Amino acid sequence: MNFDNFDAVAAAEAELCTIINAALQKATAAGTLPGAPAPAFVVEIPADTANGDFATNVAMVGAKAYRLPPAKIAAAIVQQLNLTGTRFNKVEVAGPGFINFFLNQQYFEDVITAALTLEENYGRTNYGGGEKVNVEFVSANPTGPMHLGNARGGALGDCLAATMEWAGYNVTREFLINDAGNQIVKFGHSLSARYMQHFLGEESHPFPEDGYHGADITALAEDYIAEYGNALLNTGEDERAAALAAYALPTNIAAMKAALQTYNINYDVWFSEQTLHDSGEVDAAVEKLTARGYTYTQDGALWYKATAFGAEKDEVLVRQNGIPTYFAADIAYHYNKFAVRGFERAIDIWGADHHGHVARMKGAMDAIGLDGSKLDIVLMQLVRLTRGGEQVRMSKRTGNAITLVDLLEEVPIDAARFFFNLQGPGSQMDFDLDLAVAENAENPVYYVQYAHARICSLIKTLAAEGAVFKGAQGLNLSLLRHPTEVELTRHISYLPGEIKAAARTYDPARITRFAIDLATLYHKMYAACRVKGEDAALQQARLALTIATRTAIANCLRLLKVSVPESM
RNA sequence: GCGCUCGUAGCGCAGCUGGAUAGCGUGUCAGACUCCGACUCUGAAGGUCGUGGGUUCGAAUCCCGCCGGGCGCACCA
């Protein structure tokens, strides 16, 4: 058996579609079904395995085309079904006309063998066909520290990227540095005010009303003074602001890189927005839109006809003062992703408060001659921290809003990455600080890691008694008949498909939930089926399942970049 | 006002390319197990799937209206 690109579920579904279509043809030829185009049926896994391992609705959806009651259609199909040589050994008609299929033993044995053979690659597929995908996430403003939203976005984006890699996409992780535009100017003037206040007193230099008030701004100004003294005291405000910003930006960016690295996030590309202005790509994008007839001038500004592409209102591309807007830069940026760097798909992870930007950004891709449907935006809802059931807003230490760095000082990296992926991006999330640091089964990440550690311990214990797994050859896996063994194996068989589904729906939370369910099923099996002390054949079979389980759990954790402890 | 998004058991959530009796965790109550690692199991209780229509053989799922929460509607990003 070839395990390359192994997905037991997909293979079984494909096989069912084939034999069902064959049965339809034979039934038509035999005259038990009227000649009509084959109905668009689906094959799926019933919620309750009492209704089979797989089921199809072909008889129900075909009722209209065949002008026959579903039960009669189902009977005609079942009569012609040939299960010989397939993964299935039993079929039945049930309920309103479902045809239910039951797997034979071989399916389960193949799953265990595949996990044992593929090891750290079990779960990987080429579903994505190597499609070149850019995943951009966090892209925090370099004017200040990263916040909780960035923490969620980081865990989400990095795990989404990993999910897509496992599903066979060619993924680039990217961080856009917003080192141009208004907020950098504001940043500079805020630094300048702190700088001047240092030498001339608080009252001397009014702080800009829309400036950044954080303590980090003062600290950066102090750092500059410590290094370079009062050289900027007598320069013009703009020159001073620019000099301070040019000093502080690299400092902040380096801090972000360091923080994200401790968060186990490593980007392939740190993309500077400023380079788009310097290279003329922003101007070129604006010109391209103009050439295509989608801009106009009004009140001295250059507008883009966003309404022609589904947006609610038109947008300014170049301000009256001649400076392009962020929107113009963003169009150039995404143009660069597709047209310059050749990504076939771009995925952006944004805070839900940016949702108003989605339609116009996608529309702008169409306007500039690309395909807006290749740009997908994942909107992420906000997250609240709770401790003792109460919302936590401020850091006790700094008195400011809790930053990503604050969070990681309190909560293990594993817990942060896992917790932020417990729910899909669209749900408003409460992050329970008490639970995240808890070392007990209530804590889902601990629970999953514990299952893995327990397996490792069991294997070690058995090895001490001389009971070592002898490999896939000569196994009698048909001995694994206990319901908990079957359900565990079944769940392991779902892993490749689950990763595909997570990649397709941009929802890595499926992986954390899968891992939790897997751990639960293992614990159930462990409680019901002993390995130690069983006769050799059964012991080897159970060791095989145990090791396959370890592989599946470990691969989920590896994908999430959560540590995989052998003991804890 | 317009738009996006969410609304499922006391609480936290899954299910949403339409399928069978709506699940999981937690919490409450009653019990079992406690043997390879702290695990696990059984039972009880808990639901107008926000609401009203529509489409369908079939709707938590798709469509429309309404109610409620969050967010957005800058020559900010």
Side-chain angles (χ1 to χ4, degrees), chain A residues 42 44 46-48 50-52 55-57 59-61 63-64 69-70 94-98 100 139 141 143 176 178 180-186 210 273 298-303 311-313 315-330 350-359 377 379 381-382 386 389 422-430 432 435 439-442 444 446-447 450-451 453-462 464-465 467 484 501 504-505 509-510 513 516-517 519-520 522-534 542 546 567-568:
Chain A
V42 296
E44 60 192 358
D48 183 351
N51 292 321
T56 178
N57 62 355
M60 291 172 308
V61 296
K64 199 166 253 178
F98 287 103
N100 298 334
S139 295
N141 204 316
T143 54
L176 173 66
N178 293 114
N182 244 329
Q183 84 278 9
I184 298 302
V185 175
K186 272 182 3 189
D210 58 349
E273 182 192 345
Q298 187 182 306
D299 303 329
L302 186 71
W303 292 71
E312 292 168 53
K313 48 189 269 304
E315 299 290 332
V316 170
L317 289 177
V318 183
R319 300 180 182 92
Q320 202 173 16
N321 63 12
I323 298 173
T325 59
Y326 174 76
F327 185 50
D330 217 9
W350 293 352
D353 54 339
H354 287 66
H355 66 75
H357 194 51
V358 173
I377 313 295
L379 292 174
Q381 293 289 338
L382 59 89
T386 64
L422 277 173
Q423 290 161 37
S427 72
Q428 291 176 32
M429 171 182 282
D430 284 341
D432 187 336
L435 190 58
E439 296 187 355
N440 59 45
E442 311 255 302
Y446 185 93
Y447 181 78
Y450 177 78
R454 191 181 212 187
I455 290 172
C456 294
S457 166
L458 172 60
I459 290 169
K460 211 176 283 176
T461 303
L462 289 165
E465 298 182 356
T484 60
R504 188 177 64 244
T505 60
R510 300 182 77 116
R513 282 187 230 114
I516 293 167
D517 290 343
T520 299
Y522 175 71
H523 287 312
K524 288 188 185 190
M525 186 280 242
Y526 178 91
C529 303
R530 290 187 63 82
V531 184
K532 203 170 156 180
E534 294 291 342
R542 285 187 172 160
T546 298
S567 66
M568 37 197 306

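Please read all numbers here as calculations on a predicted model, not as lab measurements. Below, chain A is the first sequence line, B the second, and so on; all start at residue 1.
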| message | Protein within reach of the bases, or only the backbone? For nucleotides 5-18 of chain B, mark each nucleotide 5' to 3' as B, S or -, using heavy atoms under 4.0 Å. | response | S-------SS----
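If you check every strand for non-hydrogen atoms under 4.0 Å, A:Ala453 touches a base. Across all strands shown, A:Tyr450 has heavy atoms under 4.0 Å from base atoms, whether or not it also approaches the sugar-phosphate.
In this structure, the nucleotide among B:rC75, B:rA38, B:rU40 sitting nearest to the side chain of A:Asp299 is B:rC75. Of the candidates B:rC35, B:rG72, B:rA77, B:rG72 carries the atom nearest the A:Glu312 side chain, counting heavy atoms from C-beta on. When each of B:rA77, B:rA20, B:rC39 is scored by its nearest atom to the side-chain atoms of A:Ala55, the top-ranked nucleotide is B:rA20. Checked against B:rA20, B:rC36, B:rU40, the side chain of A:Asn51 finds its nearest nucleotide in B:rA20.
A gap of 8 Å separates the P atoms of B:rG7 and B:rG50, to the nearest Å.
Put simply, A:Lys64 has a side-chain N or O that comes within less than 4.0 Å of OP1 or OP2 on B:rC57. Regarding contacts with the backbone of B:rA77, a side-chain N or O of A:Arg319 is found under 4.0 angstrom from either OP1 or OP2. Listed pair A:Tyr522 / B:rC36 fails the phosphate criterion, with no side-chain N or O lying under 4.0 Å from OP1 or OP2.
One N or O donor and one acceptor, one from the side chain of A:His355 and one from the base of B:rG3, sit under 3.5 Å apart. Put simply, the side chain of A:Asn57 and the base of B:rA20 share no donor and acceptor less than 3.5 Å apart. One cannot find a donor-acceptor pair under 3.5 Å joining the base of B:rG72 and the side-chain atoms of A:Asp353.
Looking at A:Glu534 and A:Lys532, no side-chain N of the basic residue comes within less than 4.0 Å of a carboxylate O on the acidic one, giving no salt bridge.
In this structure, A:Phe98 atom CZ and B:rC57 atom P are separated by 15 Å, rounded to whole Å.
In RNA chain B, runs of at least 3 stacked Watson-Crick or G-U pairs (N1-N3 plus N6-O4 or O6-N4, or N1-O2 plus O6-N3, all under 3.5 Å) give these stems: B:1-7 with B:67-73, B:10-13 with B:23-26, B:28-32 with B:40-44, B:50-54 with B:62-66.
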